[in-house]
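As structure tokens, the structure follows; a few thoughts come after it.
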Amino acid sequence: MELCLVMSEDEKEIYQARCHYTKAIVDGIQFELNEHAYVKAEEGQPDYIARIVEIFETVDKQLYFSAQWFFRAADTVIKSQAHLIDPQRVFYSEMKDDNPLNSIVSKVTIIQLPPDVDPAKKEKSLKLFDYYYDMQYSKPVTFTTLHTERVTPKSESPLVLEDMSSIGEVENNNKSVKSEGPTLTLLDLYAGCGAMSTGLCYGTGFSGVKLETKWAVDMNKHACESLKINHPETEVRNESAEDFFTMLKEWEKLCVEFGLIGMQRDEDPNANEESDSEEVDENKSEDDEEFEVGKFLAVCFGDPNKTGNKKLHFKVRWKGYSSKHDTWEPYDSLSECNCKEAIKEFVIKGYNSRMLPLRGDVDFICGGPPCQGISGHNRFRNYESPLEDEKNHQLVVYMDIIDFLKPKFVLMENVVDIIKFANGILGYHAVGRLVAMNYQTRLGIMAAGSYGVSQCRYRVFLWGASTMMNLPQFPLPTHEVVGKGVVPNEFKDCVLGSDNDESYKLEKNIFLGDAISDLPEVTNYNGADEMEYGGAPRTSFQKFIRMRKQGSSKKMILYDHRPLELNEDDYARVCLIPKFKGANFRNLAGVLVDEKDKVYWDTSVPKVKLPSGKQLVPNYCMTFVGGSSKKPFGRLGMDSVVKTVVGRAEPHNQALLHPNQDRVLTIRENARLQGFPDHYRLCGPVKERYLQVGNAVSFAVSTALGYTLARAIKGESTSKPLILPVKFPDCLGLSPMKEE
Ligand SMILES: C[S@@+](CC[C@H](N)C(=O)[O-])C[C@H]1O[C@@H](n2cnc3c(N)ncnc32)[C@H](O)[C@@H]1O
């Protein structure tokens, strides 16, 4: 290789030990500073791409250049999912290092495109350049827009920063937060009982930004009932996310058909109000064959009549009939019944009230698409192609809905397995999809216990922000956390608080007793859904978690403080478990423990039987995790911190017995461990309520994330995680709740 160098006059003076150059000729080609070049990679790999930022000679006369690297998608955390990204797109990085000059292979042309570039202009410039970049990549998982100027959203955007500038900061002392500016709309997908979205709305509210869950979707009807009872203002849709997505497309078609798209909405909530009274014709009999459409009540895409055929359906109130005669009718059959006007009226009303969101209506989408195909409980996991596994399909549906609605902000939650299972492919896919859709993206791993609740619970969160918005940060922990999550090395730095930075002080962790010691004693057989507290709060946590909802003057009632009722045999077993932390089935008669801490039967005594004739110690306790587990019928202590609240309450393979009562933790006690405010009610059978609580995003985490979202909305973009101004649950005292 032939090298020819042109010396830099300025640099020569600054760097005495090394000689700097402004140009170099490598293999007959001249390279200047700030030009781009391919740099030799390992055998069989595509050459690297760099900007030449320095050319110099070392003291021992070696010729070098400083490279500022660009990443191809495959070299970022998107890895195997790089096919999602345009092959001409690379990512700017601030990673720099020195390399021998002769590792330069050839020239390459790269152009920086502005984040909001016109697609036609983009296409034109792409023909003239080898690559383009519009985002910066920072390890481990951050993609951000490269701005030349300060970010200010477009004037037509509903997020108008000028409006936000007048927002008062959080005032901890006088419990008031001034909220001004427009209300931002949130769509909660896979909403469960709504813990994630409710916490996000509280968190933004504490920081003076109004966010409202306008729509929520979940296929579980009990979870939907819970959401509705706590949020009467939300359009709760009890359907699958897939059907909701098809419905969105059908709704858009209907709005196009009736010429509504782009029309000013009549936002007056009473403008379309119709009396809900039923105009029942007393003379109509059950056998009367005459049915005429009165009005339409709802619309869905699905198979409400269980015919085996999914279609667009309208819910009809028949003229002269009561609501008990309402039926779902397929849209295609309605065309024959001369009711186009009534459909049009319904669609106009729905358009005005935003019954369903159209593109541009949603400011923020949050949700945790279930990926049951990666669950440790699933023996048939598809390691080879997890994305083709039907059980992981919701990740794709979630991203497709984002692609369709194009919200300004996105937040996805998932279990840590999403970045562990099958080498993290689902995590790479989620990041790849967001970046491919031009969302800035940041991944964080948060332990709920680090934010003020009495459980460990590690979860992965992925922020997305459209190019003209500020990408939200993650909140720094406020509390010490007990227990460690297992996170792949590649993502270790994504764990919030992993930096061991001592500039923020952590409070001691919250124990089970701090969360539940004020709750009245109940037995295994308590079937009451409501009761009196019967005493004052004993800890600061209890004081704040008991706060009333804003606007409510009702006396607080204790809801859902009832346990899963154990059958006679299990109850008899539980009564025999001693009342100390860590006691479990090993403390029952007939069980011995060997030197390897594994259980075996005491064969010197006959197996103890219960009055029912069943064994006192079931065989499954002895064989669970090869006899090494202490979880079956495990008792907690008031100084315990639970690992993770799950959706089941059976004591057979988990430690969830109350410290000094003979029962499992109640629904409300689990809810307290998750940080649910006491006023948040749950609906459905007992097991369903446990499930909703166990499935939820901890309120401590969702409120903290709401706070960081508000900071981004208010125009702050920071490269480091944020310190929360108030810890959980004290932040619940900043309004929108009132002290009991
Ligand atoms: C982890 S939970 C969500 C919890 C919720 N984010 C919260 O904080 O309360 C997942 C939810 O997804 C719902 N779900 C599962 N598959 C679904 C699908 N295909 N469409 C809609 N909802 C689904 C389940 O019913 C469950 O409530």
Side-chain angles (χ1 to χ4, degrees), residues 186-203 213 215-231 234 236-248 300-302 310 364-375 377-378 389-401 410-418 446 448 451 453 455 457-462 644-648 667 670-671 673-677 680-685 687-706:
L186 169 58
L187 163 62
D188 187 355
L189 291 172
Y190 315 97
C193 65
M196 185 184 197
S197 50
T198 308
L200 285 163
C201 294
Y202 286 167
T213 311
W215 312 270
V217 180
D218 198 286
M219 62 191 282
N220 180 305
K221 76 170 186 190
H222 305 295
C224 286
E225 278 167 34
S226 298
L227 214 148
K228 195 74 198 167
I229 200 173
N230 292 289
H231 298 282
T234 302
V236 180
R237 298 195 60 97
N238 179 205
E239 62 199 344
S240 74
E242 302 86 312
D243 289 347
F244 173 71
F245 184 32
T246 313
M247 185 63 242
L248 291 181
C300 80
F301 180 86
K310 285 191 177 183
F364 179 27
I365 291 182
C366 75
C371 296
Q372 282 138 355
I374 55 176
S375 156
H377 304 293
N378 178 357
D389 188 335
E390 193 46 38
K391 294 199 184 71
N392 297 328
H393 182 59
Q394 292 309 316
L395 183 59
V396 176
V397 175
Y398 184 67
M399 294 296 167
D400 287 348
I401 295 175
V410 173
L411 180 64
M412 188 183 101
E413 177 252 6
N414 229 292
V415 290
V416 177
D417 264 352
I418 196 168
M446 299 168 75
Y451 297 86
V453 285
Q455 66 167 317
R457 198 182 195 92
Y458 278 86
R459 290 289 183 268
V460 169
F461 291 88
L462 193 58
T644 302
V645 173
V646 296
R648 288 161 290 107
I667 304 164
N670 269 5
L673 297 183
Q674 282 273 54
F676 279 73
Y680 209 90
R681 298 184 61 180
L682 298 149
C683 299
K687 283 193 179 185
E688 289 286 339
R689 284 186 260 170
Y690 272 106
L691 187 64
Q692 291 164 31
V693 171
N695 271 345
V697 173
S698 166
F699 268 77
V701 169
S702 51
T703 49
L705 288 165

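Order of listing sets the numbers, starting from 1, for every ligand and every atom in it. All values below were derived from every heavy atom in this structure, side-chain atoms included, with hydrogens, water molecules and symmetry-related copies excluded.
In the model, N220 has a side-chain atom that pairs as donor or acceptor with a side-chain atom of E688 under 3.5 Å. When only modelled atom types and interatomic distance are considered, T644 and Q455 share no side-chain donor-acceptor pair under 3.5 Å.
Under the salt bridge (Lys or Arg N to Asp or Glu O under 4.0 Å) criterion, K221 pairs with no residue, sequence neighbours left out. Qualifying side chain to side chain donor-acceptor pair (under 3.5 Å) partners for Y190, counting only residues two or more places apart in sequence or in other chains: Q394. Legend: residues meeting salt bridge (Lys or Arg N to Asp or Glu O under 4.0 Å) with E239, ordered by chain and number and at least two apart, are R237.
Below 30°, between 30° and 60°, or above 60°: for F699 and Y680 the angle between ring planes is above 60°, a perpendicular geometry.
A heavy-atom cutoff of 4.0 Å around ligand 1 is satisfied by the protein residues Y190, A191, G192, C193, G194, A195, M196, D218, M219, N220, E239, S240, A241, E242, P370, Q394, N695, A696, V697.
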